[in-house]
Amino acid sequence: MSYIILSAIVIIFSYVYELLKNTGRLSRGARVLFCGVICFALCLFAGLRTDYNDTSTYIYDFEHTTSDFASILAGKFSLSRVYLFKIWQYVIYHYISSSPIVFLFLSAMVFVCPSISLIDKYSKNFTLSIILFMFGGMYLFSLAGLKQAMATGVIMMGLPKLFEKKYFTYYLFCILSLGFHAYSIFFLILPLLGSEVFNKRTIIFCISVVVVGALLSLFSSAITTIIDFLGKDVEEETLLSGSVNMLRALVFMVPLALTIIGRKNLSIATSYEKWLLKIGVLSSIFMVLALFGNPILFGRIPQYFLIGIVVTLPLLISKAFSKRDQLLILFIAVLCYIIFGVYSLYIDGAFVEDIFRLTWF
């Protein structure tokens, strides 16, 4: 229930902010203040949690942070050892605060602030994007996987450089993100696919991902080798076990369908819109892959690209539907995403117990 209350506060505040912003009278300082308040609320909630998924493990590891900095870098190199995350943890514990609340709050900032900044700068409908952010799984996932969220945050800091074709700087952000989680390696391929949403390279890549998923048993040895290179020991049986929730997969498929439907109108989209649309398409395609394999190993990959869907869904609705139908479609989208978010919380047991176990001062 605490998550519902947080979402309601953030969405209402976002709606008021968008109304004022659309008047054109809101100064830059006021815009920063509004976005800052939204970020603070989201980071505070993240900082106050003491449970949910791997949160208790992160808190335990932080409270037992080593005093020997050299031990962080000792041993054989492996991407899975997330060196930058451990350095981040070490610096906060020894030089800022030993409180887990401060640690989780500051860690959340690495993810939340770039997310809200991208939404504010590039979304055609700030409120709708915030609803997707809260109920579409992006923010909730950040509460479940701290390292993955921070890696995504670093990537999002680099995306404006990609839009500006500053590829070297973008790749620097990609390399930094690898220090928080190895899965961010997938973003290295993005510039290679080109900026057009459905160019040949992108189509071939997407088809290849779907084929690998459909024939996962044939590619399991190669994928296991890649995962082993990233520093994780996974058996082939584990790779093929389970599947992502079908409803979740369908939710990720809707933006892809809208992109295909409105592809002719998207030809006049700006450069940054095309990049974000492509990122959204990849999120959907990677979710297709997750239908054929382990939901933990494959189901988290689409989350890295979810910002593309969160930002561009308002654009897709405007391109795929006539102006007469857009208001109705917006209402349906809001309703469906809220239902999906509430369903996700229900599955997590949020209406039976306090799954976040917030610490109040």
Side-chain angles (χ1 to χ4, degrees), residues 1-12 14 38 41-43 45-46 48-58 104 108 111-112 115-116 119 127-149 152-153 183 242-258 280 283-291 293-313 330-358:
M1 187 59 68
S2 59
Y3 190 89
I4 299 294
I5 296 172
L6 170 71
S7 299
I9 293 172
V10 170
I11 292 169
I12 292 172
S14 299
I38 294 172
L42 295 170
C43 292
F45 187 92
L48 292 176
R49 78 189 193 276
T50 60
D51 201 3
Y52 189 61
N53 204 276
D54 294 334
T55 298
S56 57
T57 302
Y58 284 120
L104 293 174
F111 170 79
V112 169
S115 300
I116 301 303
I119 291 171
T127 306
L128 177 58
S129 289
I130 290 294
I131 291 173
L132 266 63
F133 181 72
M134 299 302 299
F135 288 108
M138 191 169 177
Y139 177 68
L140 191 62
F141 178 77
S142 75
L143 301 177
L146 187 60
K147 289 182 287 189
Q148 294 95 325
T152 306
Y183 273 19
S243 173
V244 75
N245 183 289
M246 180 60 71
L247 177 60
R248 182 175 297 276
L250 288 174
V251 169
F252 275 74
M253 291 302 103
V254 171
L256 175 60
L258 291 179
S283 182
S284 300
I285 292 299
F286 281 122
M287 185 56 77
V288 174
L289 175 63
L291 282 171
N294 188 287
I296 296 178
L297 289 174
F298 297 112
R300 295 183 175 185
I301 301 175
Q303 297 289 341
Y304 282 81
F305 297 85
L306 188 51
I307 186 63
I309 294 176
V310 168
V311 172
T312 62
L313 187 63
L330 282 171
F331 174 77
I332 294 173
V334 168
L335 182 62
C336 290
Y337 273 100
I338 290 177
I339 291 174
F340 172 71
V342 172
Y343 170 76
S344 299
L345 291 169
Y346 170 77
I347 294 297
D348 288 337
F351 301 107
V352 178
E353 59 178 330
D354 180 10
I355 60 175
F356 300 105
R357 302 188 186 279
L358 302 180

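Just so you know, residue 1 is the first one in the sequence shown, and it goes up from there. Because the structure is a prediction, the values reported are computed rather than measured.
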| request: Determine whether V10 and F133 make a side-chain contact, defined as any pair of heavy atoms from C-beta on separated by less than 4.5 Å. | output: no
| query | Does any N or O in the side chain of S56 come within less than 3.5 Å of the main-chain N or O of D51, such that one atom is a donor and the other an acceptor? | reply | no
| T127 vs I11 side-chain heavy atoms within contact, under 4.5 Å | yes
| Between I355 and R49, is any pair of side-chain heavy atoms under 4.5 Å apart? | no
| task | Say whether, by atom type as modelled, one donor and one acceptor occur between the side chain of S142 and the main chain of A149 under 3.5 angstrom. | result | no
| remark: Correct closest heavy-atom pair for F305 and I301 would be CD1-O, 3.5 Å
| field | Heavy-atom pair with the smallest gap, counting every atom of F351 and V342 | value | CE1-O, 3.6 Å
| remark: Output for pair (R357 CZ, T55 OG1), nearest 0.5 Å, gives 11.5 Å
| task | Give the ring-plane orientation class for F45 versus Y3, where under 30° counts as parallel, over 60° as perpendicular and anything between as tilted. | result | perpendicular
| field | Rounded distance (nearest 0.5 Å) linking atom CD1 of I307 with atom CD1 of I119 | value | 4.5 Å
| message | When you compare the side chain of I338 with that of I131, does any pair of heavy atoms fall below 4.5 Å? | response | yes
| Parallel, tilted or perpendicular: which describes the rings of F356 and Y52, with under 30° parallel and over 60° perpendicular? | tilted
| said: I want to check something: taking the side chain as every heavy atom from C-beta on, are L256 and V288 in contact at a cut-off of under 4.5 Å? | reply: no
| What are the two closest non-hydrogen atoms of L6 and M134, and how far apart are they? | CD2-CE, 4.1 Å
| request: For the residue pair Q303 and Q148, establish whether any side-chain heavy-atom pair is separated by less than 4.5 Å. | output: no
| query | Can you check whether V254 reaches L250 side chain to side chain, under 4.5 Å on heavy atoms? | reply | no
| request: Locate the shortest heavy-atom distance separating M287 from A249; write the atom from each residue and the value. | output: CG-CA, 3.6 Å
| note | Between S115 and M138 the two heavy atoms that sit nearest each other are OG-CE, 3.8 Å
| Reported OH-to-OG distance for the pair Y304 and S283, which is rounded to 0.5 angstrom | 12.5 Å
| Minimum heavy-atom separation for F340 to F135, with atom names? | CD2-O, 3.4 Å
| task | Have a look at P255 and tell me which of L132, T312, L306, I309 forms a side-chain contact (heavy atoms from CB on, under 4.5 Å) with it. | result | I309
| task | Please report the C-alpha distance between V334 and L128 in whole Å, then the side-chain angles of each, then the deciding distance to 0.1 Å, and finally whether the side-chain contact (heavy atoms from CB on, under 4.5 Å) criterion is met. | result | CA-CA 7 Å; V334 168; L128 177 58; 3.7 Å; yes
| Between CG on residue N245 and OH on residue Y343, distance to nearest 0.5 Å | 4.5 Å
| message | Are F286 and F252, when compared by the centres of their aromatic rings, separated by less than 6.0 Å? | response | no
| Nearest-0.5 Å distance that lies between atom OG in S7 and atom CG in L345 | 7.5 Å
| field | Minimum side-chain heavy-atom gap N53-L143 below 4.5 Å | value | no
| request: Hey, could you give me the CD1/SG distance between I116 and C43, rounded to the nearest 0.5 Å? | output: 9.0 Å
